[in-house]
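Right, one structure below, let's go through it.
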Amino acid sequence: MKVYLDNAASTRVDKRVVDAMIPFFTEKYAVPSSQFAHAYGIEAKDAVDGARTLISKKLGGKFPEEIIFTSGGTESNNLAAIGVAFANAEKGKHLITMQTEHNSVLNPFKRLEKEGFEVTYLPVDKDGIVNIDTLRKSIRDDTTLVSIQYGNHETGTVQNIKDIAKVVKEKGALFHTDAAIAWPYLPIDAYKWGIDLITLSPHKFHGPKGIGILFVKKGTKIEKIMNGGYNEFNLRPGTENVPAIIGAKKAIEIFSQKDVAYIASLKKRLLNDIKTNIKDIEINGSMEHSSPHILNLTFKYVEGEAVSLRLDFEGIAVITGSACYSRNLQASYILMAMGREHEQAHGSIRFSLSKYNTEEEIDYTVQKTEEVIKSLRELSPLGKEDRE
Amino acid sequence: MYPKIIKEHFADPKNVGKIKNPTNIGSFTTPTGAKAIFYFLIENNVVKDIKYQIAGCPFAIAVCSILSEYAKGKSIDGLKKITMSSLEQFFKIPQEKEDCINMSLNAFLNGLEMTK
Amino acid sequence: MPVPYTKLVIEHFKHPHNVGEIKNADVKATEGSPACGDMLTLYLKVDPKTREIKDIKFQSFGCASNIATGSIITDIAKGKKIEDAAKITWKDAADALGGLPPVKVHCSVLAADALHSAVEIYMEKNGLIKEHKPTTKEIIMAKLKHVMNPLTGIDIVKSSLIKDILIKDGIITITVDLPEDHQFAGNIKEEIIERLEYLWDVKKVKVNFSE
Amino acid sequence: MGKIIYLEHAATTPVDERVVRKMEPYFTELFANPATKWTSSISKKVNEAIEEARKNVASLINASPEEIIFTSGGTESDNTALKGIAFANKDKGNEIITTPIEHNAVLKSAERLHELGFVVKYASVDSKGFVDPDEIRKLITEKTLLVSVMHANNEIGTIEPIEEIGKICKEKGVYFHTDTVQTAAHIPINVEKMNIDLLSISSHKFYGPKGVGALYVRNGTKIIPYMDGGGHESGFRSGTLNTTGIIGLGEASRIGKEEQGKRESYIKELRDTLIQKVMEEIPAVYLNGPGDNKRLPGNVSLIIQGIINEPLLVALNERGIIAGGGSACSAGKKKPSHVLTSIGVAAGDLSSVIRMTLGKDNKKEDIDFIVESIKEITKGLRNLSPFWEEK
């Protein structure tokens, strides 16, 4: 049996999405910006504008021009962080983010530090949740941007971005959220909640790769980070990736909340059965505030890469929070920020589900995980005292 | 990504476990909590038996297994000369896995160095 | 497949009305700049007694919407009293065409501008303007906003090419911030003169270049 | 609408059916994120396909696979080349040399660098759009970090003497970047022979998908990454790899290399027939850029005096002929093309330029219809024009 449980990394593109894209490869291939020269370009432009209207509406935005298409979530996060920081540098040079953000947020902020900006990296509690009072106290007069991830990519922990946005607005800063993992699994309402910038990544919800979205609320001061043509309302140059934009639109159109409920039921089944059958596990992340498709568990006394490779032998695709026990600690900085020991961080495995998974697959996964953990623990010198 | 030999030894590691009355024990723990322990039975400078326990990644596990197979019946003087680069005869070492492999090798060499 | 033009626009574009030159026109007015690729020239023949537009024609060096607007606006203006023709707006023309794409406003508006200029020049020439205001820097600036800077695609005022304006004894001296041998210097000079020389209190228009 | 004759291949090309077929499985079957290569065998397969694509792209320009970085397109490649070199080497100097006829992705990146304190020098071009290698040589000082000259111009088709420029850059020890967005897979490129250190490629200009491109970076080049994130592409370019796009680019490169010679001679023949016939049939028509072998195989750029291009394009479009005026990227802006002003096109002719760029799927038998259509429409428009008097 083949079981794909790495949907937080990337998802299968829905067949309907591919079908919607194909004509834009071979027939309606024109560049939308050359609209007045020919009808092909107009059709492409109409299709792209239609996508903007739909996506903006779904996010609780008001204008199609609030949707900027980029090459992916990473570029969207780069554009949000660097573009807003530089455009508002006259007002202030203090920025706030969170220790457990995705690298595509953290690294631009680190670069900004080298450019003379000051960055506060907010800590999180053991569940990975940021404290709103701490945030409130961190916002200063010269704070221009606060960037807090909606759902965490490794643990699935979800921040209360509604309340966070409120605090940020009260203090007069701009608020960006990286919703690449959380949306559309969880709701968002840009205008009502007071969110200025939102990062989305269509390949995380059965859309194509190579396309990202940045929602930029009308009137938000931001500048481009790539130079070239005047595409995307002069905020992101380069020929529009029309087929991918159409694919993203289709993926959003067909995404259903029924699927979300189904995925949540699978996650519950997976967790309960693992808990029943395998001892010495720990849940990483909040149970209460969690993305419905992500479950992160630490299996004590074993190493994550060994677990995931053994599971891969059984046809199950999962990832570990740490690629390796020793030097390469990059991926587990999230668990470390949540106060985990190295040993705990290293045995962590992320299961991430999608609408294509079945109950049979979950049962198979539980059975194989039990076998793999048992076998690797037999090899391990750790934890013998506890077990024997 | 994984060399064939690593994949094979990881899937089915040889000589796993403890030796009841070992002549030599060597262990190595990384600052991040990974750990390998080698148990040796050495007679007349020759490795008669060897076993190990390991909590580590596939490379670390496979290297323990490869070393245990290789060492059996060999003189410890020769085995002491094994370095990271001599492991290259078995497989190409990826840079990002050096630390894990080093851990297993160090536990092995520490055991050989132990005089009892 | 739709071009962003209405059927009526395409119709007027393909078969424009009132095309050509009136040889003995009472007035001729040009708007736009050939370098920017949008220009419209309008000719009027007016009955001196009734002040009705007897004949109206246009020539276009412009885009499809420029041509279509020229066609429809000349239709609308024909037969109207000259004072009433002055009241025809770009919007009247656009509405009559069933709408124009927003990006095309600036080139189609030239037809309305040309009509208004033509009426103004006619009234000026025929002493129909009752009260004359003296030409001020502000008036000159407003006129110069119709002269395009081909380098930037925006007018010479907005693109800060006007270095100095001097009004003395009916002689206007404009200094343009371009070298005299610049590839667009000639065009800009010509257009500035055309924009200002007909004003009632202007005897001469001089254009100087910096450097 | 009936038959379509597409003449805007310099703006974008249709994706080759073979390329689409190659991409398809990577949407719905091999969709895993290739970054998790240590733990997932699906990712491994995806990775192998990506490495295959990298090899094909490398082979197109005679580079090594590890010198190819995948990007989101030509614009990102150009941005990365200019800014990446400037920032990484600012301890050595502060000068960049380029030309006034580059694509906006290069020009605007250079302008941005100028804002940040770098000195940007522009080599002039002659009336055909050629850069003089000797002028480049004279412009290079010990503070020069990078020379960026496009391989061929997208509007007027001029193929620049980049081999000579590359040689000069090598002698002088400065990096040489060339934007080959218009030439890759269309005419031969050899980074070794041409002494190129950095080179930009855009997939959708040669029958590959949009949203993907590549940057060639010669081994040992000192450059810093442009996008910050999870350290993909050996830490150079972050962001989940656009697998389908990359596979598409790889396949388009493979086919491109295989069919380049055949396409080049076929398209050139079409080009020359079209130019010749239009100039014979219609008075007062002039060719922008050079003729013959120094011109991009598919590029036809003409001044048709006495008319402006927009109504011509709309009327051609009514007949199913899709052509362009100037560059697609600045269409919709009133500003005249920087390329046309740089080669000294007269003010009155700037908006009389029509560009037709031919592709491998254009048919010989359509040429007469194209010529006839331009002739008829031009006649009508000239009748309207205040500038035109039949000579």
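In what follows, chains are A, B, ... by sequence order, proteins preceding strands, each numbered from 1.
Only the side chain of His203(A) has a heavy atom closer than 4.5 Å to any heavy atom of chain D. For chain A, the nearby part of Thr13(D) is the backbone; its heavy atoms alone come within less than 4.5 Å. The contact between Ile22(A) and chain D is made entirely by side chain atoms (from C-beta outward), counting heavy-atom distances below 4.5 Å. Heavy atoms closer than 4.5 Å to chain A are found in the side chain of Val20(D), but not in its backbone. For Glu101(A), no part lies under 4.5 angstrom from a heavy atom of chain D. For Glu24(D), the part sitting under 4.5 Å from any heavy atom of chain A is the side chain, from C-beta outward, and nothing else.
In this structure, OG in Ser72(D) is found 9.0 Å from CG in Asn241(A), a value given to the nearest 0.5 Å. We find the CG-OG1 distance between Asp16(D) and Thr26(A) to be 10.0 Å, quoted to the nearest 0.5 Å. We find the CZ-CG distance between Arg12(A) and Leu30(D) to be 10.0 Å, quoted to the nearest 0.5 Å. Going from atom NE2 of His204(D) over to atom CD of Glu240(A) covers 9.0 Å, rounded to the nearest 0.5 Å. Here CG of Asp312(A) is found 9.5 Å from NZ of Lys44(D). Values are rounded to the nearest 0.5 Å.
Per-residue heavy-atom pair counts under 4.5 Å with chain D were compared for Val242(A), Leu311(A), Thr11(A), Leu106(A), and the maximum is reached by Thr11(A).
Counting heavy atoms of neighbouring residues, nucleotides and ligands inside a 6.0 Å radius, atom NZ of Lys22(D) does not exceed 12 of them.
Between the Asn79(D) side chain and the Met226(A) main chain, no donor and acceptor come within less than 3.5 Å of each other. Side-chain N or O atoms of Lys210(D) include one that pairs as donor or acceptor with a backbone N or O of Tyr29(A) at under 3.5 Å.
Ring geometry, Phe27(D) versus Phe25(A): the interplanar angle falls from 30° to 60°, so the pair is classed tilted.
Nearest heavy-atom pair, Thr75(D) versus Pro237(A), reported as atom, atom and distance to 0.1 Å: CG2-CG, 3.6 Å.
Side-chain contact, Asn33(D) with Lys209(A): no donor N or O sits under 3.5 Å from an acceptor N or O.
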